[in-house]
Amino acid sequence: MSRRLASTLLSRQWKTQRISSQFVSKRYVQSHTENYIPLNWFENAFLAVGSAFASLINPRRGDMISALGETTAGPALPRLRDNMLKSAEGRRVLKQRPRVNSETVDMVALAKLPEGTFGRSYITWLERCGVTPDTREPVRYIADPELAYVMQRYRECHDFYHCITNLPVTVASELALKYFEFANFGLPVAAISAAFGPLRLSPAQRARLFREYVPWALRCGSSARCLIDVYWEERWEMDVKEMKAELGLWDPPEAVWPKRPLNEAAKEKEKRARLTQLNMTVEKDL
């Protein structure tokens with residue numbers, strides 16, 4: 001398939017997806033209502049402290065990290081929402097409220113994009129790291145649906161930040177990205193992770209983090225455009241280098257990539273297969 005033909009077909013597909021995304025906003029409000037758990041000030045504080053300790057003990061507890069982010073967000077979310085309202089791109093994101101998972105993103109179509117495009121780079125990053133966008137926790141402890149979506153958007157776009165900065169999924173790279181996110185978004189959860197996360201590194205890794213990655217993260221994150229208002233799904237076909245130039249990003253020091261990818265994507269695939277088989281069995285019994 002020629003590059004021009006592929007671009008034409010994919011452009012039509014993205015247009016169709018953007019039209020259908022007009023209905024996503026209402027669906028998100030409904031899902032937020034179903035997931036929302038109200039907390040008083042004491043419960044919020046207790047959960048914040050408890051989730052912070054749980055996240056420090058076991059950084060793989062995604063539910064605890066999510067709870068920590070929501071219970072400590074404070075005025076950062078309204079500020080990020082206001083920042084999104086300042087640009088036409090950010091306003092479209094807030095209005096349409098797109099979601100990022102394997103059901104909303106056509107991975108097969110992205111894999112057909114030319115090398116060097118953001119969409120193709122994203123697929124390559126997912127495969128190289130062995131991760132999936134389907135493991136992000138829903139927002140549960142933020143009452144306002146719009147602010148809850150801002151947190152959800154930040155959470156679901158985390159892999160985009162990895163991809164655009166070419167950082168793998170390792171402890172050191174995650175911490176570098178947390179410093180970047182704190183400088184770019186100002187979310188307390190990023191600062192908490194950046195403050196205590198280095199304790200899990202070896203002395204040599206910690207020294208390199210503060211010598212090379214932290215200076216890059218703070219300078220790049222503070223000078224770059226706020227990434228929360230980027231409509232990533234409208235930029236699949238853009239050249240990554242052009243995107244970085246537009247967003248004010250530059251590459252961090254070269255990271256050490258793990259020899260083997262994580263098995264997160266494989267586990268999620270097996271989970272979906274089991275659920276599908278279970279549903280088929282239930283339907284058959286009925």
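Values reported hereafter were calculated over all heavy atoms of this structure, with side chains retained and with hydrogens, waters and symmetry mates removed.
No salt bridge links E233 with R99; every basic N to acidic carboxylate O contact stays at or beyond 4.0 Å. Salt-bridge check for R120 with E115: passed, with a basic side-chain N closer than 4.0 Å to an acidic carboxylate O. Between E89 and R235, at least one side-chain N (NZ, or NE/NH1/NH2) sits under 4.0 Å from a carboxylate O, which counts as a salt bridge. Taking 4.0 Å as the cut-off between side-chain N and carboxylate O, K241 and D239 do not count as a salt-bridged pair. In summary, D251 and K244 engage in a salt bridge, as defined by a charged side-chain N under 4.0 Å from a carboxylate O.
Taking the six-membered ring for Trp and thresholds of 30 and 60 degrees, F185 and Y154 have ring planes more than 60 degrees apart, a perpendicular arrangement. The aromatic rings of H158 and H162 sit perpendicular, their planes meeting at an angle over 60°, well past the 30° parallel limit.
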Can S121 and T124 be said to form a side-chain hydrogen bond (donor to acceptor under 3.5 Å, both in side chains), step by step?
CA-CA 5 Å; S121 299; T124 300; over 6 Å; no

Item checked: Step-by-step side-chain hydrogen bond (donor to acceptor under 3.5 Å, both in side chains) determination, E34 to S31 -> CA-CA 5 Å; E34 295 171 354; S31 66; over 6 Å; no

Chi angles and distances behind the side-chain hydrogen bond (donor to acceptor under 3.5 Å, both in side chains) call for D229, S87:
CA-CA 8 Å; D229 64 350; S87 70; 3.3 Å; yes

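Side chain of R206 to backbone of P198: a donor-acceptor contact under 3.5 angstrom is found. The main-chain N or O of V139 is found under 3.5 Å from a side-chain atom of Q152 such that the two form a donor-acceptor pair. Judged by distance alone, with hydrogens and angles left aside, the side-chain atoms of T104 form a donor-acceptor pair with the main-chain N or O of N101 at under 3.5 Å.
Dense packing is recorded around CZ of F210, with more than 12 heavy atoms of other residues, nucleotides or ligands lying under 6.0 Å away. Counting non-hydrogen atoms of neighbouring residues, nucleotides and ligands closer than 6.0 angstrom, the OH atom of Y149 exceeds 12 such neighbours.
Nearest heavy atoms, N44 versus T71: ND2-O, 3.0 Å.
The salt bridge (Lys or Arg N to Asp or Glu O under 4.0 Å) contacts involving residues 64-77 comprise E70-R155, where partners must be two or more places apart or lie in separate chains.
The ring of W216 has its center closer than 6.0 angstrom to the ring center of F180. Taking the six-membered ring wherever Trp is involved, the centroid distance between the rings of F160 and W236 falls below 6.0 Å.
Note on W257: it clusters hydrophobically with L167, by side-chain heavy-atom contacts below 4.5 Å among ILVMFWY residues.
R208 contributes atom CZ, which lies 3.5 Å from atom OH of Y213 (distance to the nearest 0.5 angstrom).
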